[in-house]
**Q** 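The structure under discussion is supplied below as structure tokens; questions concerning it will follow.
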Amino acid sequence: MNTPGTANEVTNENRPEPVIGSEGTGLRARIALTGASGYIGHNQLKLLTGDYNVIALSRHGNQKDNSPNVEWRSCELFSMSSAEQALQGADYAVYLVHSMLPSAKLTQAAFEDMDAILADNFARAARKNGIKQIVYLSGIIPGNIPQEQLSRHLRSRLEVERILGSYGVPVTTIRAGLIVGPQGSSFPILVKLVRRLPVMLLPKWTRTTTQPIALSEVLLALRKCIGSAELYGRAIDVGGPGSMTYKEMMLNTAEVLHKKRRLFDIPLLTIHLSRLWVTLITGAPKEMAYPLIESLAHPMVVHPARTVPGISDGRIPFDEAAREALKAEDEADKKPKGKSAAPAKSNSGSKPKPAADVRSIQRVVLPGNTNTDWAARYYLEWLGRTLKPLVRIDYDGRNIYRVHLRASRTPILELTYLPERSSAESTVYQISGGAFTKKGDTHEGRLEFLQIPGTRECVIAIHDYLPSLPWFLYKYTQAKAHLWVMAAFRRHLQRLGNRS
């Protein structure tokens, strides 16, 4: 049996009081938990079910069996309607979403843009459903570095935090550095380096200081924030009992693994070169590893001004947390694979098999006082002018645009405006037909224009599009042409903005 405070256990001694549900009726509160089948999520689920009814959200939630106090729901956060349905009946929400890995057979998008869409849909759905609070897990933000100099990963975390709080629902953010637990991302990468390399040449970033924290203490910090009105609107740093460099963590991990490792400091190997060799050695997908490694150049230490007693101050030393994480990982590897096995490692080394669809997202800057409705209509008009020798675009005067090859009567694409899915923040067109579109029972292709709250930036996204062309032909013709067109449109809007 673990003693109180060990890395894998939350004891009754430090468990916070549960929050009462809807309007003080005495019922258990209902928590909507995103990413409930992922690394952090499935551990958080186990912690919450003792005190709450949990709506466990996952992309394939309909394949899960409900259990006492747990209702599984399928949720595709790229779809506003799906997000709204997923949050129905919830009192609070825990947001554990991060879209580093591709979510379609072809993904033409930066993870920052995908994260922005997901956060915006979630925040608007939370507002519509009367969610009282969103609790969000982010990363520690160095206080002495200008935001524009932060890594892409940390800039995205800040943007998501801001978007979640843009629609009137209070947000409490837990900011953590390296989380020490089985599966996951950063710690397993470190373990694989130690296991596979008896000798390591360490670049400068391995001397950067961080404040690792045990997974169980991150879960407890998230749990303690739920329903705490005094923490609404706050960002809270959490960390373990001591700070250390990545080199020191490697040496300590080697001791836990009972391996002798020789480490040599070198002034060479930039972050960009490091992310390449780390990916090659560990086998981690570059879509996940690159952004994480880019963030290692920044010190991630708890800032005194962003601490809350009893939440920020983790007590489990790194060695103990690492030992417990490796033990849990070994036990999970020994379990038979099947329905009762542990959840898939959605945030670790193996990529989930994507659907046979397309997701393409680009970010532009809107000129002047324009909005997404203007951007959508202007884009289609501009497209007709720019590609006039090749295509023509017909508009029925109300809701439908049809894109034709110049000499053809049959449209290659048909776009239908959806007023019921559009709002002041976004404009949505269904890809409703055309020779280049294949109909699917579970896919509803759409073109969306979404303005990032508080900015002039707009993300233009194609979701769930099923091309009718053979896949190889589509990938190297239509898909490439779309990227070229969007790059040209971005430059065109930039010129308009400069003139205005």
Side-chain angles (χ1 to χ4, degrees), residues 1-16 39-48 50 137 139-140 174-196 200 206-224 236-261 263 282 292 296 299-302 307-335 342 345 347-348:
M1 179 180 293
N2 290 334
T3 56
T6 54
N8 277 349
E9 184 173 296
V10 176
T11 65
N12 290 329
E13 184 178 314
N14 57 19
R15 184 188 297 276
Y39 158 56
I40 300 286
H42 85 267
N43 286 288
Q44 190 72 58
L45 179 62
K46 290 185 287 187
L47 177 61
L48 292 177
L137 178 60
I140 288 180
I174 291 296
R175 294 177 177 173
L178 186 142
I179 299 175
V180 184
Q183 302 175 17
S185 51
S186 299
F187 181 68
I189 287 176
L190 185 145
V191 171
K192 288 177 182 177
L193 288 174
V194 173
R195 277 181 166 150
R196 296 176 184 180
M200 281 185 270
T206 60
R207 273 91 78 190
T208 303
T209 304
T210 188
Q211 197 164 345
I213 182 170
L215 170 63
S216 61
E217 294 186 312
V218 172
L219 301 177
L220 188 60
L222 292 166
R223 164 66 184 82
K224 286 182 176 180
I236 303 167
D237 287 358
V238 298
S243 58
M244 58 202 313
T245 66
Y246 292 98
K247 177 182 178 179
E248 290 170 332
M249 282 192 288
M250 290 177 183
L251 289 170
N252 287 7
T253 302
E255 289 183 11
V256 172
L257 291 169
H258 305 293
K259 293 183 180 293
K260 293 190 67 174
R261 293 294 180 255
L263 310 181
T282 64
L292 290 176
L296 301 184
M300 290 189 173
V301 179
V302 170
T307 60
V308 173
I311 293 180
S312 298
D313 42 0
R315 299 180 181 180
I316 300 172
F318 175 80
D319 291 4
E320 181 181 341
R323 192 174 294 109
E324 291 291 337
L326 293 168
K327 178 182 176 183
E329 190 175 87
D330 290 341
E331 291 174 352
D333 289 341
K334 292 175 183 177
K335 286 184 179 180
K345 301 180 181 180
N347 290 329
S348 62

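Keep in mind that what you see is a predicted model, and the values were worked out from it rather than measured.
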**Q** For M250 and L193, run side-chain contact (heavy atoms from CB on, under 4.5 Å): C-alpha distance rounded to whole Å, both residues' side-chain angles, the deciding distance at 0.1 Å, then the answer.
**A** CA-CA 8 Å; M250 290 177 183; L193 288 174; 4.2 Å; yes
**Q** In Å, rounded to the nearest 0.5 Å, how long is the span from CD1 of I236 to CD1 of I174?
**A**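 The CD1 atom of I236 sits 4.5 Å away from the CD1 atom of I174.
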**Q** Measuring from R323:CZ to L257:CG, what's the distance to the nearest 0.5 Å?
**A**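 That separation rounds to 10.0 Å.
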**Q** Checking S312 side chain against D237 main chain: does a donor-acceptor pair fall under 3.5 Å?
**A**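 Side chain of S312 to backbone of D237: a pair is present.
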**Q** If we only count heavy atoms from C-beta on, is the L251 to R261 side-chain gap below 4.5 Å?
**A**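 No, too far: nothing below the 4.5 Å cut-off.
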**Q** Grab the two heavy atoms, one from V180 and one from Y39, that are nearest each other, plus how far apart they are.
**A**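 So the minimum-distance heavy-atom pair works out to C-OH, 4.4 Å.
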**Q** If you apply the rule side-chain contact (heavy atoms from CB on, under 4.5 Å), what do you find for I179 with S186, and how did you get there?
**A** CA-CA 7 Å; I179 299 175; S186 299; over 6 Å; no
**Q** To the nearest 0.5 angstrom, please state how far the OG1 atom of T210 sits from the CD atom of E248.
**A**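 Spacing of OG1 (T210) from CD (E248) equals 11.5 Å.
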**Q** Evaluate the criterion side-chain contact (heavy atoms from CB on, under 4.5 Å) for residue pair Q44 and R223; output intermediate values, then yes/no.
**A** CA-CA 8 Å; Q44 190 72 58; R223 164 66 184 82; 4.1 Å; yes
**Q** Among I140, V302, V238, find the residue that satisfies the side-chain contact (heavy atoms from CB on, under 4.5 Å) test when tested with R175.
**A**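 Running side-chain contact (heavy atoms from CB on, under 4.5 Å) over I140, V302, V238 with R175 returns exactly one hit, I140.
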**Q** Nearest heavy-atom pair of M244 and P212: which atoms, and what distance?
**A**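 The pair with the smallest heavy-atom distance is SD-CG, 3.8 Å.
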**Q** Spell out, as yes or no, whether a donor-acceptor pair under 3.5 Å connects the side chain of Q211 to the backbone of S243.
**A**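 No.
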**Q** Determine the minimum heavy-atom distance between L190 and M249, stating which atoms define it.
**A**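 For L190 and M249, the tightest heavy-atom pair comes out as CD1-CB, 3.9 Å.
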**Q** When rounded to the nearest 0.5 angstrom, what is the spacing between CD1 in I316 and CD1 in I213?
**A**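 The CD1 atom of I213 is 8.0 Å from CD1 of I316, to the nearest 0.5 Å.
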**Q** With rounding to the nearest 0.5 angstrom, report the NZ to CZ distance, K259 to R196.
**A**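 Answer rounded to 0.5 Å: 11.5 Å.
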**Q** A side-chain contact here means heavy atoms from C-beta on lying under 4.5 Å apart; do L47 and L222 qualify?
**A**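 With C-beta onward as the side chain, the pair stays apart.
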**Q** Quick one: closest heavy-atom pair of F187 and G181, and the distance?
**A**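 Of all heavy-atom pairs spanning F187 and G181, the closest is CD2-O, 3.5 Å.
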**Q** Do you know which two heavy atoms are closest between E217 and R315, and how far apart they sit?
**A**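 Reported closest heavy-atom pair: OE2-N, 2.6 Å.
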**Q** Begin with the C-alpha distance, continue with both residues' side-chain angles, and end with the deciding distance and a verdict on side-chain contact (heavy atoms from CB on, under 4.5 Å) for L215 and I40.
**A** CA-CA 8 Å; L215 170 63; I40 300 286; 3.6 Å; yes
